[in-house]
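Below: one structure, written as structure tokens.
Just so it is clear, the structure is predicted and the values come from calculations on it, not from any experiment.
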Amino acid sequence: MSDPTRPISSDPVLTPPGHDMTEGERRALEMVEAAETGGRKLGGWQAGLVTLVAVAWCLFQMYAAWNGTLVPTTLRAIHLGFAFALAFLVFPFRKSPGEPQVGIPWSDWLLGLLATGSAAYFVVQYANIAANGGIRDGVPADLWAGSALVVMLLLAAWRTIGIAMPLISLAFILFAFMGAKGLIKAIQTPFHGGYTWPQLMGQLATNTEGIFGTALGVSAQIVFLFVLFGAVFDKLGAGDWFMRVAQSILGGFRGGAAKASILSSGLNGIISGSAVSNVVTGGNITIGTMIRTGYSREKAGAIEVASSSNGQLMPPVMGAAAFIMAQNLNIEYRSLILAAAIPAFLCYAALLAVAHIEALKLNLRGLPRSELPPLKKTVLEGWYYILPLGYLIGVLTANPEANPERIALNTILMMIVMMFVQEGFFASRDGRGLAQGLKDGGRKLLEAFEGGARSMVGIAIATAAAGIIVGIVTITGLGFGLADVVEGVTNLFQTPFLKILAVLVMGQLIALILGMGLPTTANYILMSALIVPIIARVAGLDTGNPAQMLPAHMFVFYFGIMADSTPPVALAAFAAAAISGGDPVKTGVQAFQYELRTALLAYMMFFNPQLLLIANNQLGGLPLAEAIPMVIFAFIGLVAFSAATLRFLHRKTNPLQMLLLLVASFVLIIPTQIIWNLGALALIAAVYFWQKAGSRSEPPAPLSAAA
């Protein structure tokens with residue numbers, strides 16, 4: 001087996017096309033393919049069919065955004081039909097990255113046809129069913145089609161996002177059947193009287209509060225185009241350019257390999273909503289470089305995991321969950337990404353501080369300037385990649401009337417033109433000829449379309465499956481019952497602050513537990529349906545005011561993202577460990593330690609909504625200039641907290657110093673008078689100079705030999 005930490009090429013920073021992958025890189029890539037884009041290996045006409053379906057899905061979604069007049073339920077049913085087709089074509093039932101399944105068995109052809117057919121039935125018949133108010137009496141096909149839709153959706157979810165979502169959905173279905181009027185009469189429930197199979201199918205398959213609800217609608221209308229934007233942008237070469245720019249800027253500083261990894265992951269997070277693919281895309285270069293400069297295998301993998309997971313916090317994409325959040329709050333997506341910008345900046349700035357603290361602990365240097373790409377040359381090589389990204393972000397944030405899906409479509413069309421111009425120019429310059437360049441551009445575009453469509457399968461299936469749970473919560477009144485139970489628990493505490501803190505801690509634990517088996521999008525949908533209303537009730541929030549509800553939604557969203565790096569089920573950590581050769585559990589534990597600052601940030605946003613630019617009960621009510629001092633204090637608080645949890649500031653902290661740093665960090669993150677903030681800064685300064693004075697009597701430690 002080859003050493004996964006060896007330099008990938010003669011240049012340890014840049015990876016030329018066609019380099020030989022290490023064994024660890026291959027395992028990580030197979031893991032991503034199996035988990036996110038389907039691990040089945042196909043060839044010949046079967047591979048051609050998958051490409052055809054994927055490209056057709058992309059073209060349909062682009063047409064729907066351009067047309068803008070498709071009936072929402074028709075768009076959602078077609079969207080789900082395409083997802084069904086690819087789910088059974090490319091996602092095998094048995095996922096074994098070491099021995100990928102070759103070819104499509106006859107059973108999957110049958111299941112795929114049945115699943116796609118059930119979605120197609122509702123494309124054709126939904127208007128008639130809706131006009132009748134649900135499942136039509138005397139039309140058995142309605143009930144059979146609805147039943148097939150639910151069963152096939154659970155099977156597709158099992159294949160694409162794991163067993164957790166189907167099991168949770170089945171538990172909710174059984175709960176709906178319980179009661180004197182339900183299918184399971186022997187078990188009574190205080191929340192509802194029970195539902196029959198036709199009644200439940202009417203709710204799940206023919207009601208916009210079920211499978212064809214808001215979550216699937218957002219996936220079909222907006223998320224697909226932003227995922228396709230990211231796929232085309234990356235295939236254009238922007239992801240590699242971001243990485244080289246990050247290396248150029250930060251690689252020479254102390255711990256520069258880790259800092260460059262963090263910056264490049266943050267930049268990739270702008271266009272990608274997947275933590276695992278972010279790990280593999282950047283980690284195949286950055287993890288080996290970090291190890292070579294002195295980081296342990298586990299620390300190198302953990303830094304990549306933490307930075308890649310936090311990529312979902314970066315506007316404008318922020319994963320599919322952010323689009324659903326905007327719909328849940330009934331706000332413009334522009335308002336959401338502006339509110340999320342400061343917390344995302346703080347999250348990455350604090351992670352850079354974490355990397356610096358680790359470099360100080362290990363006494364590391366940066367990379368030699370001779371091994372780094374020259375900044376000016378690198379920027380000039382890819383400056384034009386900023387044009388589509390600048391257009392997308394600029395129009396979304398500057399124009400309140402901007403239509404997100406139409407802006408994303410315009411950006412994709414712009415990049416398609418750029419793809420052919422770029423490849424044509426490169427081919428002409430290299431002597432391969434313009435025709436070859438245009439051919440290469442077409443090939444890359446097809447690859448981008450196929451990759452984007454395959455990446456969307458899990459999101460589409462997850463949002464549809466979450467509709468089962470949301471629909472059942474709606475008709476059974478389960479949310480109100482849970483709120484009563486939780487409120488009874490919080491009444492054990494005497495003060496309002498402790499009651500709110502108790503419900504937040506419970507919500508945090510539920511989000512982390514659910515996140516071990518669910519993708520971020522599904523996790524957020526469930527938490528927003530079950531936990532956010534409880535938080536609002538205990539905290540006395542006005543559920544009709546987005547400015548009051550946004551901190552609660554962001555709270556559960558942040559902890560859903562943290563679940564990507566929470567052991568024992570942390571796919572991002574396993575992918576990073578496959579590249580680094582380290583222990584995946586230790587990598588996950590270390591990443592979780594780095595992610596503690598994200599947990600603190602979630603509490604900061606809830607108790608200090610000004611970090612979301614909320615003031616006077618209005619989104620955007622706080623001018624950015626007025627937020628700057630608060631952001632500075634919050635950053636220093638996060639750094640102090642990170643220093644305390646890592647037990648190092650200027651040198652290793654003793655228990656008293658760690659306690660002082662924790663006290664200072666909590667003072668800085670909770671809105672207080674300026675005198676308290678100044679006192680917290682004085683505590684941090686006292687700890688720093690205390691450690692510095694103690695280190696003068698000790699000989700300086702030698703720089704790491706690896707550095």
Residue pair Gln593 / Thr645, side-chain donor-acceptor N/O under 3.5 Å: no

Pairwise distance OG1(Thr214) to CD1(Ile324) - rounded to 0.5 angstrom: 9.0 Å

Any side-chain donor near an acceptor of the partner, Glu595 and Ser309, under 3.5 Å: no

Worked verdict on Phe557 versus Met527 for side chain to side chain contact (heavy atoms under 4.5 Å, CB included): CA-CA 8 Å; Phe557 176 52; Met527 294 295 292; over 6 Å; no

Atom pair CG (Leu612) and CG (Leu336), whose distance is rounded to the nearest 0.5 Å: 9.0 Å

Euclidean distance, Met456 CE relative to Phe82 CZ, rounded to 0.5 Å: 12.5 Å

Aromatic ring proximity Trp109/Phe88, centre distance under 6.0 Å: no

Ile222, Leu228, Val227 screened by side chain to side chain contact (heavy atoms under 4.5 Å, CB included) with Phe224, the one that passes: Leu228

Flag if over 12 foreign heavy atoms under 6.0 Å of NZ, Lys185: yes

Parallel, tilted or perpendicular: ring planes of Phe555 versus Tyr603, cut at 30 and 60 degrees: perpendicular

Heavy-atom closest pair, residues Arg159 and Pro92: NH1-C, 3.7 Å

Show the atom names and distances, to 0.1 Å, of all donor-acceptor pairs under 3.5 Å that link a side chain in residues 457-473 to residues at least two apart or in another chain.
| from | atom 1 | to | atom 2 | distance (Å) |
| --- | --- | --- | --- | --- |
| Thr463 | OG1 | Ile459 | O | 3.0 |
| Thr463 | OG1 | Ala460 | O | 2.9 |

Backbone of Gly217 reached by a side-chain donor or acceptor of His79 within 3.5 Å: no

Ring geometry between Phe226 and Phe323 (parallel below 30°, tilted from 30 to 60°, perpendicular above 60°): tilted

Parallel, tilted or perpendicular: ring planes of Tyr126 versus Phe212, cut at 30 and 60 degrees: perpendicular

Nearest non-hydrogen partners of Ala340 and Met554, listed with the distance: CB-CE, 4.0 Å

